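Below is one structure, written out as structure tokens; the observations come after it.
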Amino acid sequence: MRDLTPLALVGASGWLGRFMGPALLRAGVVAPGDFIGLNRSGASEAYAEWPGLRWSTDPEAGLSGARMVILSLRPDEFRAAGLRCPGALVLSVMAGVSMEEIRARTGARAVVRSMPNAAMEIGQSFSPWVADAEADDADRAMVRAVLGASGREEAFAREADIDVYAAICGAGPAWAALLLEALAAAGRAEGLSPEQALAAAEGAVVGAGAMLAGQGAQAGAMVEEFIAYAGTTAAGLEAARAAGFAEAVAAGIAAGTQKARALG
């Protein structure tokens, strides 16, 4: 694999950066001496294990000499920052900013877009990515190593698919939290105390996540099995379907996808 260091992480102490950077260092994807953290506040406590890291609040100085640049910041911050890194491989984890725009603004040699999620915090992110035609095998191998340090990665064929993924799980626990909130509210409406309703909702959502890990392809069959049993769960599932559960979720994903594309 071609050496793509020094590696600069823009937004190293931000929402994803504070987990992504330490994961790269722990996995040995980049050595401490080849890591450059860029942010507006300087050294971050998230990197306390590596006290000698290079930090910069000046994008021009921080990006100078970097062979790979990771953009982990908001689209508006990116557009205002004036980041230039000609000749570098740029990996963006921003929602809604196209590879074409990233290339035009940064002067990058090659561009890759990815959309990790909040499970990066516990090393279990699923991070799809798509590379432009300029990315070679060495670039792709480095991207796999970078994203693989925080969970599972997978190459996608179309850039547009990244926006759909962002709407489905780019925000990590948001959809599960919405379901938990709705279940708790329904429990209160049926007479449970707020504490009881919350405990029941957490039991349903949190435990189910572990049970469903690796079983996504069987989800439809699981639902039908519960319905066939014709018990209390079947009654609830059928009523939720009739009330438009699937349609409500589809509307939410469509809106999220549209928002991601509008950011560009």
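For clarity, every value in this text was computed on a predicted model and none was experimentally measured.
Taking the side chain as every heavy atom from C-beta outward, Asn39 and Arg18 never approach each other to under 4.5 Å. Residues Ser13 and Ser41 are in side-chain contact: their nearest non-hydrogen atoms beyond the backbone lie under 4.5 Å apart. Contact check for Glu153 versus Val146: no side-chain heavy atoms found under the 4.5 Å cut-off. Contact of the Trp15 side chain with the Met120 side chain is not registered, since no non-hydrogen atoms from C-beta on lie closer than 4.5 Å. Arg105 is not listed as a side-chain neighbour of Val97, based on a closest heavy-atom distance of 4.5 Å or more. Leu180 has its side chain within reach of Glu202: a pair of non-hydrogen atoms, C-beta onward, lies under 4.5 Å apart. The shortest side-chain heavy-atom distance between Leu83 and Val69 does not fall under the 4.5 Å cut-off. Side-chain contact between Met94 and Glu77 is absent, with no heavy atoms from C-beta onward closer than 4.5 Å.
Between atom CD of residue Glu159 and atom CD of residue Glu100 there is a gap of 9.0 Å, rounded to the nearest 0.5 Å. The structure places CE of Met142 at 10.5 Å from CG of Leu147, a figure rounded to the nearest 0.5 Å. If you take CG on Asp34 and CG on Leu53, they are separated by 11.0 Å, rounding to the nearest 0.5 Å. Summarising the geometry, atom OG belonging to Ser72 is positioned 11.5 Å from atom CG belonging to Leu38; distances are rounded to the nearest 0.5 Å. Interatomic distance, Met20 CE to Leu25 CG, rounded to the nearest 0.5 Å: 11.5 Å. Of the inter-residue distances, the one linking Thr5 atom OG1 with Met68 atom CE reads 11.0 Å to the nearest 0.5 angstrom.
A donor-acceptor pair under 3.5 Å links the side-chain atoms of Ser114 to the main chain of Pro128, judged by distance alone. Ser64 places no side-chain N or O within 3.5 Å of a backbone atom of Glu60 that could act as its donor or acceptor partner. A donor-acceptor pair is defined here as one N or O able to donate and one able to accept, closer than 3.5 Å; such a pair exists between the side chain of Arg261 and the backbone of Ala160. The backbone N or O of Gln196 lies less than 3.5 Å from a partner atom in the side chain of Ser193, making a donor-acceptor pair. One N or O on the side chain of Trp175 and one on the backbone of Ala167 form a donor-acceptor pair closer than 3.5 Å.
Both Leu183 and Leu198 belong to a common hydrophobic cluster when Ile, Leu, Val, Met, Phe, Trp and Tyr are linked at side-chain heavy-atom distances under 4.5 angstrom. A single hydrophobic cluster is seen to contain both Phe245 and Ile253, as judged by linkage of ILVMFWY side chains at heavy-atom distances under 4.5 Å, directly or through other members. Hydrophobic clustering keeps Leu237 apart from Val205 (ILVMFWY residues linked when any side-chain heavy atoms are closer than 4.5 Å, directly or through intermediates). Residues Ile227 and Met222 do not share a hydrophobic cluster, defined by chaining ILVMFWY side chains whose heavy atoms lie under 4.5 Å apart.
Relative orientation of the Phe35 and Trp55 rings is perpendicular, given thresholds of 30° and 60° on the angle between their planes.
Under a cut-off of 6.0 angstrom, the local environment of CZ in Arg84 is crowded, with over 12 non-hydrogen atoms contributed by other residues, nucleotides or ligands. Atom CZ of Phe156 is surrounded by more than 12 heavy atoms from other residues, nucleotides or ligands within 6.0 Å. Applying the 6.0 Å contact sphere to CD of Glu154 captures more than 12 heavy atoms from other residues, nucleotides or ligands. The local environment of CD in Glu225 is sparse, with at most 12 non-hydrogen atoms from other residues, nucleotides or ligands closer than 6.0 Å. The number of heavy atoms from other shown groups lying within 6.0 Å of CG (Asp76) is above 12.
Nearest heavy-atom pair, Ala46 versus Pro22, reported as atom, atom and distance to 0.1 Å: O-CG, 3.6 Å. Ala138 and Leu4 get closest at one heavy-atom pair: O-CD1, 4.0 Å.
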Run Leu89 and Arg67 through side-chain contact (heavy atoms from CB on, under 4.5 Å) and show every step you take.
CA-CA 6 Å; Leu89 167 65; Arg67 295 183 180 177; over 6 Å; no
Test side-chain contact (heavy atoms from CB on, under 4.5 Å) on Val90 and Cys85 and set out the steps.
CA-CA 8 Å; Val90 170; Cys85 45; 3.5 Å; yes
Show your reasoning for whether side-chain contact (heavy atoms from CB on, under 4.5 Å) applies to Val111 and Ser92.
CA-CA 8 Å; Val111 178; Ser92 167; 5.6 Å; no
Tell me, with the steps shown, if Phe78 and Val10 meet side-chain contact (heavy atoms from CB on, under 4.5 Å).
CA-CA 9 Å; Phe78 166 67; Val10 184; over 6 Å; no
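A salt bridge is defined here as a Lys NZ or Arg NE, NH1 or NH2 lying under 4.0 Å from an Asp or Glu carboxylate O, and Arg103 with Glu134 fails to meet this definition.
Under the side-chain contact (heavy atoms from CB on, under 4.5 Å) rule, Asp163 has a single partner from Arg113, Arg158, Met115, which is Arg113.
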